[in-house]
Amino acid sequence: MKFGEELQAWYRQHKRDLPWRETKDAYKIWLSEIILQQTRVEQGLPYYVRFVERFKNVVEFANAEEDDILHLWQGLGYYSRGRNMHKAARIVRDQYQGVFPVDYQTLITLPGIGEYTAAAISSFANDEAQAVLDGNVFRVLARYYGIETPINSTEGKKIFTAIAKENLDHKHPALYNQAIMDFGATHCKPKLPLCEFCMFRPSCYALSKGQVDQLPVKLKAKTSKDRYFNYFILKDNDRILMSKRGEGDVWQNLYEFPLLESNYSLSIPDVLSDEWFISCFGSDAELHVLQQQTKHILSHQNIYATFFEVRLKGDLIQKKSNWDYVFLKDLDKLAKHKLIFTFLERSNF
DNA sequence: AAAGCGGGGTC
DNA sequence: GACCCAGCTTT
């Protein structure tokens with residue numbers, strides 16, 4: 001059997017039952033594909049269920065506010081996916097009469113849809129002959145053919161794209177794409193792949209050379225940087241002061257508490273004498289630590305967050321334009337990042 | 001070509 | 001602690 005036929009035979013026996021595989025609806029396939037970018041199936045699945053339940057079609061999705069989308073997205077990470085989906089949905093509503101496109105060339109013009117996702121949607125929804133190339137495919141091909149070129153280099157991308165195209169089963173693009181990705185996800189895994197049960201035992205280059213754990217090769221990212229976030233909880237009766245994050249940093253458009261970032265860990269006297277703090281809250285505010293410094297790890301930075309309660313003597317000196325008092329009972333409705341909603345869960349607000 | 005962008009799981 | 005996940009966008 002040829003490579004693709006072997007994979008499809010394997011797939012018939014081992015495929016995972018996933019809700020987005022029971023439909024040809026491009027909108028639902030799009031939802032699943034964006035959710036699954038850099039995200040494991042188990043983590044994305046409940047989000048997919050909530051999104052299809054809440055928005056039955058792309059027009060309903062487009063008619064929502066960005067805040068609503070981000071709120072449903074809360075906790076999933078890479079929030080630009082949610083923001084881009086919202087933009088894409090409005091383009092489909094306004095320029096494509098609400099009919100979700102299924103051809104690669106149109107799909108790739110939409111925000112948040114790159115080469116992988118355009119290939120996935122066009123093949124799954126329309127059986128267009130486009131080969132997907134994701135982390136699973138990189139790994140399977142690198143091992144099977146013994147390719148040592150780094151998968152995240154320009155050169156590597158070219159090589160793997162060419163091989164992926166050659167291997168695609170043009171008669172069954174959807175089936176083939178699903179098969180190679182599922183195979184990579186559950187069988188040819190990054191760690192402890194199931195080589196002893198593999199139908200490619202006779203032909204896998206990496207296995208024959210004992211290089212399975214060395215492949216694929218990936219250029220390593222540089223180290224994370226440390227940041228110190230000091231959050232201020234200000235209550236005013238049944239309301240609390242919240243801040244919406246802006247552009248050019250993590251967690252864009254998500255809500256949190258007023259924040260002072262510093263280059264090192266701050267003590268209470270440090271904060272009380274900080275110029276920015278005084279300009280907002282005055283020089284006679286009271287400070288209490290509500291939660292000692294906790295570490296929050298992102299893929300590219302380590303955030304050390306401390307939560308302070310602020311008790312004002314008088315009124316707020318200065319209220320930033322992105323700050324607003326929010327009723328405690330409405331706090332649940334805001335889209336917040338993990339650091340914030342975890343703090344709130346642990347408190348008794 | 002490289003950096004920025006989350007959160008969670010595995011070993 | 002290192003690596004990875006159904007990647008995309010910006011610089």
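Model, not experiment: these values are computed from the prediction. Residue numbers begin at 1 in each chain, while the letters A, B, ... track the order of the sequences.
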_For A:Cys280 versus A:Lys320, what's the shortest heavy-atom pair and its separation?_
SG-CE, 3.7 Å

_Reported CD1-to-CD distance for the pair A:Ile180 and A:Gln178, which is rounded to 0.5 angstrom_ = 12.0 Å

*asked:* Contact list please: residues 331-342 of chain A against DNA chain B, heavy atoms, distance less than 4.0 Å, in numerical order.
replied: A:His337, A:Lys338

*What are the residues of residues 106-125 of chain A, sorted by number, that bring a heavy atom to within less than 4.0 Å of DNA chain B?*
none

*Within residues 44-69 of chain A, find the residues that approach DNA chain B with a heavy atom at under 4.0 Å, and present them sorted by residue number.*
none

*Does a side-chain N or O from A:Gln301 land closer than 4.0 Å to OP1 or OP2 of B:dG6, or not?*
no

*Distance between the C1' atoms of C:dC8 and B:dG9, in whole angstroms?*
22 Å

_Reading DNA chain C from 5' to 3', where do the contacts with chain A start and stop? Cut-off is 4.0 Å to heavy atoms._
C:dC4 to C:dT9

*Are any non-hydrogen side-chain atoms of A:Ser243 and A:Phe257 less than 4.5 angstrom apart?*
no

*Does any residue of residues 74-89 of chain A have a heavy atom under 4.0 Å from DNA chain B, and if so, which ones, in number order?*
A:Gly75, A:Leu76, A:Gly77, A:Tyr78, A:Tyr79, A:Arg81

*What residues in residues 171-192 of chain A put a non-hydrogen atom under 4.0 Å from any atom of DNA chain B?*
A:Lys191, A:Leu192

*So which residues get pulled into A:Tyr228's cluster when ILVMFWY side chains under 4.5 Å apart are joined, directly or through others?*
A:Tyr304

*Hydrophobic clusters join Ile, Leu, Val, Met, Phe, Trp and Tyr when side-chain heavy atoms are under 4.5 Å apart, directly or via other members; which others share one with A:Leu260?*
A:Phe232, A:Leu234, A:Leu241, A:Tyr264, A:Leu266, A:Ile268, A:Val271, A:Leu272, A:Trp276, A:Phe277, A:Phe281, A:Leu287, A:Val289, A:Phe308, A:Val310, A:Leu312, A:Leu316, A:Trp323, A:Tyr325

_B:dA3 to C:dA6 separation - P atoms, rounded to the nearest Å_ = 25 Å

*By ring-ring contact (aromatic ring centres under 6.0 Å, His included), which residues pair with A:Tyr47, not counting sequence neighbours?*
none

*Kindly write out the residues that satisfy ring-ring contact (aromatic ring centres under 6.0 Å, His included) with A:His296, not counting sequence neighbours, or none if the list is empty.*
A:Trp251

*When all nucleic acid strands are considered with a 4.0 Å heavy-atom cut-off, which category describes A:Trp73: base, sugar-phosphate, or nothing?*
nothing

*Restricting to pairs with a member in residues 49-64 of chain A, which pass side chain to side chain donor-acceptor pair (under 3.5 Å), not counting sequence neighbours?*
A:Asn63-A:Arg93

*Is the shortest side-chain N/O distance from A:His300 to OP1 or OP2 of B:dC5 below 4.0 Å?*
yes

_Considering only residues two or more places apart or on different chains, which pairs with a residue in residues 62-75 of chain A satisfy salt bridge (charged side-chain N to carboxylate O under 4.0 Å, His left out)?_
A:Asp67-A:Lys244

